[in-house]
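The structure appears below as structure tokens.
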Amino acid sequence: MQKVINGAMLKSMILTAAKLLEVNKATIDALNVFPVPDGDTGTNMTLTFQSAIKELVSCKSNKISDIAEAVSKGALRGARGNSGVILSQVLRGFCNTLKKAEEIDTKLFSQALVSGAQIAYGAVSKPKEGTMLTVARMVAEHSQTIKNKHKDFETFLPEIIKAGNEAVELTPSLLPVLKKAGVVDAGGKGLMCLYEGMYKALMGESVSEDVVAPVTSSESDGLMDHADIMNLGNIEFAYCTEFFIINLHKKTTLADIERLKESLMRIGDSVIVIGDLEFVKVHVHTNQPGKALTRALELGELDRLKIENMLEQNRALMKKYEAEKKEMGMLAISAGDGISGIFKDLTVDAVIEGGQSMNPSADDIASAAQRINADNIFVFPNNKNIILAAEQAKSLVQNKRIHVIPTKNIPQGFSAALAFNPELSVDENKANMIHALDTVTVGQVTYSVRDTKLYGFDLKVGDIMGLDSKKILAKGQDVAKVALNLIEKLRNGEEIITLYYGQDVKEEDAVALQQTIMEKYPDCDVDIHYGGQPIYYYYIALE
């Protein structure tokens with residue numbers, strides 16, 4: 001009977017949990033309540049956990065404190081979507097409890113579960129029952145009742161897994177929208193995959209598939225090229241030293257070249273020593289270039305010697321950076337090259353490609369914001385599933401303030417960007433941007449990915465759906481007809497109608513729809529723009 005878990009076992013349990021989550025990713029995605037093709041809870045949780053795994057794999061220690069620190073840090077930086085952010089907070093609380101332990105018993109494991117649930121609840125401004133939070137809480141509560149009875153993990157873990165699965169099955173009765181859709185909570189199901197993966201590792205079982213590599217968001221060309229701008233003036237090794245060793249001494253061996261590399265690693269970083277007994281190229285960042293040269297002279301002659309003062313280079317960069325700094329900047333999350341182009345035309349400083357089914361992580365958002373040369377950054381998530389990650393990015397950004405404007409879709413993002421006035425104060429701009437969100441009515445046209453009954457509609461796979469921000473308003477088999485029906489139900493006297501057509505819509509079809517709308521609403525101005533967004537045939541804005 002295993003009554004304690006050491007660092008090596010904990011690491012194995014976490015790695016196996018990641019594999020099981022990855023294997024079940026598609027199944028969890030399919031549990032998405034809304035039948036649009038952006039059910040990405042499993043994807044977001046997987047990518048979040050993979051970020052934790054990346055840090056864990058880099059951690060060569062088997063000390064529980066080091067493992068816990070790596071997992072907590074990695075999950076925080078990689079959190080994607082609401083489910084990923086909540087998962088990162090569960091892991092944060094769980095790991096914080098374990099940090100001081102040399103080994104883990106069922107009592108400590110139970111307390112870690114409690115802490116994870118508490119931290120996660122605290123991270124959500126309005127927690128909803130029937131979600132992953134409920135599952136985390138009920139697992140933690142049950143673990144507290146059995147921690148003294150089951151002191152070995154072989155019996156303890158199955159008990160909490162059973163309680164967790166029962167909690168997952170209970171979620172539809174706690175959250176009406178789940179019951180209507182006929183599904184359980186996807187986040188709760190994902191969380192249980194992690195617990196079950198831990199148990200598999202404990203019992204010596206394996207998961208057949210490996211964890212895939214994390215996906216990173218692509219950032220726009222508007223970001224500053226020098227990624228080290230955050231650390232200007234904080235260089236540990238000042239001199240970039242490069243040279244060739246030629247005409248090597250006859251007594252020099254390959255082992256001597258390897259020893260040179262080892263000695264340079266002791267006095268600097270960014271060490272490159274490549275070549276053979278004919279020719280060697282050396283590169284090192286060091287505060288002792290003289291020692292590097294002296295050591296290299298033992299092997300042969302030096303040629304093309306170059307030593308650059310990186311501190312002076314960075315002082316110049318910092319001076320330029322500070323001279324160009326502005327008070328306010330803007331960062332938008334975009335879906336589609338056309339959408340990104342519009343944001344750039346609206347003077348948004350940087351754009352991260354993301355959106356439905358490709359949520360950027362908190363670290364992606366923080367990194368992009370950090371590179372914008374402004375003291376205050378307005379962030380437009382443009383998706384309700386990215387708002388929490390944007391809020392979490394605040395804690396990852398240094399020396400500047402992040403202001404999240406809670407845009408839930410692309411047209412709201414455009415309205416917020418249009419409201420920006422560099423002549424006004426930060427607070428005035430923020431107030432104007434938030435007010436601008438209410439000036440646009442938004443519709444979206446997409447398709448159903450499964451058979452379901454929702455909001456009075458009997459939906460089949462492939463049906464075209466027209467949605468507002470909360471529910472389905474129209475359905476049919478023809479994209480243009482559904483778009484017209486949606487506009488009719490959304491319009492309440494607005495005089496401007498703008499269509500942003502996606503990657504699956506031909507330009508001539510968008511133009512034809514524009515003409516039809518103009519004929520139906522002759523008093524309205526109707527514009528079309530190429531958005532290039534996936535999944536959604538049209539974003540529709542009424543103003």
Side-chain angles (χ1 to χ4, degrees), residues 24-45 81-83 130-131 171-172 175-190 335-336 339 354-359 382-386 408-411 441-491 499-506 509-510 512-513 516-517 531-542:
N24 287 275
K25 177 178 66 175
T27 301
I28 298 167
D29 281 344
L31 292 173
N32 189 45
V33 172
F34 229 44
V36 296
D38 58 7
D40 48 9
T41 297
T43 299
N44 285 334
M45 293 183 73
N82 291 345
S83 56
T131 65
T171 55
L175 199 58
V177 69
L178 295 175
K179 189 172 184 178
K180 287 182 180 179
V183 295
V184 297
D185 180 66
K189 188 65 175 177
I339 298 296
Q356 301 289 34
S357 295
M358 47 181 178
N359 296 162
N382 299 330
N383 186 304
K384 63 183 180 181
N385 202 35
I386 301 176
K408 296 181 179 179
N409 49 62
I410 295 296
T441 300
V442 179
Q444 301 170 106
V445 180
T446 185
Y447 56 93
S448 177
V449 293
R450 73 165 183 270
D451 297 346
T452 188
K453 292 182 179 180
L454 202 62
Y455 298 110
F457 291 95
D458 188 0
L459 295 165
K460 304 297 182 184
V461 172
D463 282 351
I464 309 302
M465 301 183 298
L467 315 104
D468 66 2
S469 61
K470 296 181 180 178
K471 59 183 180 295
I472 301 169
L473 296 178
K475 84 152 194 174
Q477 300 303 313
D478 182 271
V479 172
K481 289 181 180 179
V482 171
L484 283 169
N485 191 3
L486 178 62
I487 291 171
E488 182 178 354
K489 292 187 176 182
L490 288 174
R491 188 169 180 268
L499 306 177
Y500 303 93
Y501 63 94
Q503 64 182 19
D504 296 322
V505 177
K506 296 179 180 178
D509 291 338
L513 178 58
T516 303
I517 296 171
Q533 69 272 9
I535 298 176
Y536 290 89
Y537 298 113
Y538 288 102
Y539 295 138
I540 303 173
L542 295 88

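Reckoned from all heavy atoms, side chains included, excluding hydrogens, waters and symmetry mates. Here, residue 1 is the first one in the sequence, and each next residue gets the next number.
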For the student: nearest non-hydrogen atoms of Val482 and Lys475, plus distance: CG2-C, 3.8 Å

Whether Thr446 side chain and Ile535 backbone form a donor-acceptor pair below 3.5 Å: yes

Between CG on residue Leu178 and CG on residue Leu31, distance to nearest 0.5 Å: 9.5 Å

Under 3.5 Å side-chain donor-acceptor pair for Thr131 and Asp185: no

Minimum heavy-atom distance Val442-Pro411, with the two atoms named: CG2-CB, 3.7 Å

Gln444 and Tyr538, any side-chain heavy atoms less than 4.5 Å apart: no

Side chain proximity check, Tyr500 to Ile540, heavy atoms < 4.5 angstrom: no

From Asp40 atom CG to Ile28 atom CD1, the distance as rounded to the nearest 0.5 Å: 12.0 Å

Distance in Å, Lys408 NZ paired with Lys470 NZ, rounded so as to fall on 0.5 Å steps: 7.5 Å

Gly443 versus Leu490, closest heavy-atom pair with distance: CA-CD1, 3.6 Å

Smallest separation among heavy atoms of Lys453 and Asp458, with atom names: CG-OD1, 3.9 Å

Spacing of CD1 belonging to Ile487 relative to CG belonging to Leu473, to within rounding of 0.5 Å: 12.0 Å

Nearest atoms (heavy-atom pairs only) where Val505 meets Tyr537: CG2-O, 3.4 Å

Value rounded to 0.5 Å, distance of CD in Glu488 from CD1 in Ile517: 12.0 Å

Distance in Å, Asp463 CG paired with Arg450 CZ, rounded so as to fall on 0.5 Å steps: 13.0 Å

Taking every non-hydrogen atom, the tightest pair across Tyr539 and Ala335: OH-CB, 4.4 Å

Note, Pro172 side chain near Val184 side chain (heavy atom, < 4.5 Å): yes

